[in-house]
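Structure, as structure tokens:
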Amino acid sequence: MVGRKSLDALIRLYALQNVLLALLAFGLAQGEWPLVLAGLVLLLLKGVLIPRYLFWLLERLGVSHEVESYLSIPLSLLLGGVLVGIGLRVGSSFVLEGAQLPEAVPVALSLILLGMLSMASRKKAVTQVMGFLGLENGVFLLALAETHGLPLFIELGVALDAFAAVVLAGVLIFRIRTTFGHIDTARMRDLKG
Amino acid sequence: MLYVLLFIPLLPALYALRARETRWLAGSAAAGAVLSLGLSLLAQNQAAGPLRLDGVGLFYLLLTDLLFALVALYAGAYFQASQDREAWRFYAAGNLFLFAMHGAYLAHNLGLLWIFVEGSTLASALLVYHRGGARALEATWKYLMLGSVGIALGLIGVILVYALLGGATLDWQMARELVRAANPAQLKLAFAFLLVGFGTKVGLFPLQAWLPDAHSEAPSPASALLSGTLLNVAFYALLRYAALLGSAGLFGFAAGFLQSFGLASLLAAGLFLFAQKDYKRLLAYSSMEHMGLAIYALGLGIPWLAMLHTLFHSLAKTAAFLSAGNLLLAYQSKLIARVGAVYRAWPATAGLLVLSLLSLAGLPPFGLFYTEFQALFRSSPLAMGLYLLGLLGVFAGLLWPLSRMVFGEGPGMSLGGLPRIRALVVVPAALVGLALILGLFPPTGVVEHLAEVLSWKL
């Protein structure tokens, strides 16, 4: 997700990630219906609805589908690699007793760190939202790995919050486009101190 | 009953989507808040599903509803005076925000608490945005992004706590029993995430980047809500988690963190205050200072003192932001340099501004003096020195611009079209009066009683 230059590929990658996460949830479920249900809702919400919304947003905005970053691709790949390394290194101290899937904890941490990297280094407002979604997936994976996943209604509430945040961000991006004529957050710096 | 209480604010929110008459909007929002005020008094100690209303929740629920009702009334007058036809946006988003606040204070489940805190972030982003414009957009975007990342870190903390409890429960009361068996080192790790996550929303230094922007670009009634109620909800979550750590016998670990974050926010706010040219940003940094002091009081291990501090701060800061709204109406500028001789132009607002800022600067006989004195009295010598230094900085940083605005030379422009709607003065006056009365007779006993559920010393 760090090295890609095309936004469309990024969104597809995100959708794929969610399908994999949902499969993992099904795999861990062992026939427990709350987990299966949570997986289904997440699959629908994050695997289908959010990617569709993002594609629609890009279409309507009429901006280039290119990721613009403060960092060059090799540099962001390098930084991403370092962050993944950190995630894997410190991951072991995050594994709690009775974790369901201890191997996935470092992966989740790396995802969270990569999400933060893309939020901090990308210029376009849309790509920052993508970074946030990646981070959020990392948190979801952490919940799956450490426990059986959060209780069902909490999980749904969290997903609903994330969905609302993305929709709200989309509306704001439209307004940014009409007000500034671009969606480059690097050029929004009126407020200081 | 608790479910009724939870969903009450949604009615005026729906109403605001249809109605356009500012007076009715203000009336319905205030009526909803007053109704929930009464209901919450009746519903104390009830429980239903994941909801329960205990003393601490009741304390903050009452405070929030009271402030919301008053701000709703003020906002009616404010939007009329500024000839803002989009007042319904404020009431729709505001009532949605109140719904999230109700949820957070009623939730007894830590996961549900997180959901509603995040919900309050989203609803208040709408409040900040209001009618838009380049600066408001930038502030909203920054707030939404930073707030979301912060709260996502908080969610990691929630997940770790849940895992440490063996995935058994997220109910706060039960968690406090179970947490004694949890691994201490990993519980500390979870608390670090929670502190950073919710601390971002409380506006602790160095996580405060969104706070001054959002407070200064939001319309004044919305700034008052942000400062008087939104910061409290994240602080409330920290209160719960600090008590959780206390039950596990790890309060000493939390105390160090809380005290140093608190003092750092105090000192940083003292420095930032001097660089401000905008009086709403000035008030925003003062919020950062007081939330820092409340966190510090919590770090001392005295939850009731922290709660009392947030009570006094909310009253005074709401009054201050509403008076600042009056200044904005009269002078059409947020710059301190453009405002002068308020005492001649609008004596009532000048008086309110002076009283509320004196209260925020921690002068007697206002309540903040009492709580600051109590906290100081229980500090170690080093902390005491830093605390006094910070207070001194804040004192000068607040009162110098105040005297400049109120008594300094006016810009020489005519203020012929000064709005003369009574609520613009009456509402902040009621808040200042309440702050004064509570400062003279601090309700220590009541708050101590309400805070008993948090107590971890057996």
Side-chain angles (χ1 to χ4, degrees), chain A residues 93-100 105 108-109 112 115-116 119-120 125 128-129 131-133 135-136 138-140 142-151 153-162 164-169 171-173 175-176 178-180 183 185 187-193, chain B residues 49-50 109-112 114-119 121-123 125-126 129 132-142 144-149 151-153 155-156 158-160 162-170 182-183 185-186 189-190 212-214 216-217 272 275-278 281 285:
Chain A
S93 55
F94 278 75
V95 179
L96 310 178
E97 296 156 33
Q100 295 293 313
V105 174
L109 285 180
I112 292 167
M116 284 185 181
M119 283 191 83
Q128 287 177 352
V129 175
F132 172 67
L133 286 171
L135 196 164
E136 216 260 328
V139 176
F140 177 70
L142 186 70
L144 272 185
E146 295 281 17
T147 71
H148 248 24
L150 292 169
F153 75 110
I154 303 293
E155 197 74 84
L156 293 183
V158 171
L160 204 66
D161 268 344
V166 171
V167 170
L168 185 59
V171 174
L172 283 178
I173 291 173
R175 298 298 168 90
I176 292 175
T178 41
T179 310
F180 294 86
I183 56 166
T185 50
R187 279 151 66 191
M188 285 165 56
R189 41 181 76 244
D190 267 348
L191 304 174
K192 271 190 189 147
Chain B
N109 179 302
L110 293 170
L112 204 59
W114 183 91
I115 292 172
F116 279 116
V117 171
E118 164 74 358
T121 307
L122 298 177
L126 289 174
Y129 177 66
R135 292 168 66 88
L137 258 178
E138 186 184 334
T140 314
W141 185 256
K142 208 164 161 185
L144 190 63
M145 286 298 121
L146 286 174
S148 302
V149 173
I151 210 75
L153 292 180
L155 182 59
I156 298 179
V158 177
I159 290 170
L160 291 179
Y162 182 61
L164 281 169
L165 298 175
T169 180
L170 270 173
N183 178 331
Q186 291 172 335
L189 183 71
D213 295 349
S216 111
E217 297 310 319
F272 278 121
Q276 297 312 313
K277 299 189 178 73
D278 171 336
R281 290 182 87 87
Y285 279 112

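Numbers restart at 1 for each chain; the letters A, B, ... are given by sequence-line order, proteins then strands. Bear in mind the structure is a predicted one, so any value in this text is a computation, not a measurement.
Note: A/Ala165 leads A/Ala164, A/Ala165, A/Gly115 in heavy-atom pairs under 4.5 Å with chain B. Residue with the most contacts toward chain A among B/Pro50, B/Ser148, B/Gly119, B/Ala125: B/Ser148 (heavy-atom pairs, distance under 4.5 Å). When each of B/Ile151, B/Thr121, B/Val149, B/Asp278 is checked for heavy-atom pairs under 4.5 Å with chain A, B/Val149 comes out on top.
With a 4.5 Å cut-off on non-hydrogen atoms, B/Leu164 touches chain A through its backbone and its side chain both. Neither the backbone nor the side chain of A/Ala108 comes within contact range of chain B, judged by heavy atoms closer than 4.5 Å. Proximity to chain A (any heavy atom under 4.5 Å) is shown, for B/Leu112, by both the backbone and the side chain. The part of B/Leu153 that comes within reach of chain A is its side chain, from C-beta onward, which places non-hydrogen atoms under 4.5 angstrom from that chain. Using a 4.5 Å cut-off between heavy atoms, B/Ala139 contacts chain A through both its backbone and its side chain. Residue contact with chain B, scored on non-hydrogen atoms closer than 4.5 Å, is absent for A/Leu160. Looking at B/Ala152, both its backbone and its side chain come within 4.5 Å of chain A, counting heavy atoms on both sides. Using a 4.5 Å cut-off between heavy atoms, A/Ala125 touches chain B through backbone and side chain atoms alike. When heavy atoms are compared at a cutoff of 4.5 Å, A/Ile176 approaches chain B by way of both its backbone and its side chain. Only the side chain of B/Asn109 comes within contact range of chain A, with at least one heavy atom under 4.5 Å from a heavy atom of that chain.
A distance of 9.5 Å separates CG in B/Leu155 from CG in B/Leu160, rounded to the nearest 0.5 Å. To the nearest 0.5 Å, atom CD of residue A/Glu136 and atom CD1 of residue A/Ile112 are 10.0 Å apart. Rounded to the nearest 0.5 Å, atoms OH (B/Tyr129) and CZ (A/Arg175) are 4.0 Å apart. With rounding to the nearest 0.5 angstrom, the CG atom of B/Leu122 is 6.5 Å from the CG atom of B/Leu144. Between atom CD1 of residue A/Ile154 and atom CD1 of residue B/Ile115 there is a gap of 4.5 Å, rounded to the nearest 0.5 Å. To the nearest 0.5 angstrom, A/Leu144 atom CG is 7.0 Å from A/Glu155 atom CD.
Residues A/Met119 and A/Val129 form no side-chain contact, since every pair of their non-hydrogen atoms from C-beta on lies 4.5 Å or further apart. In this structure the side chain of A/Val158 never reaches within 4.5 angstrom of the side chain of A/Phe140, judged on heavy atoms.
B/Leu165 and B/Thr169 get closest at one heavy-atom pair: CD1-O, 3.4 Å.
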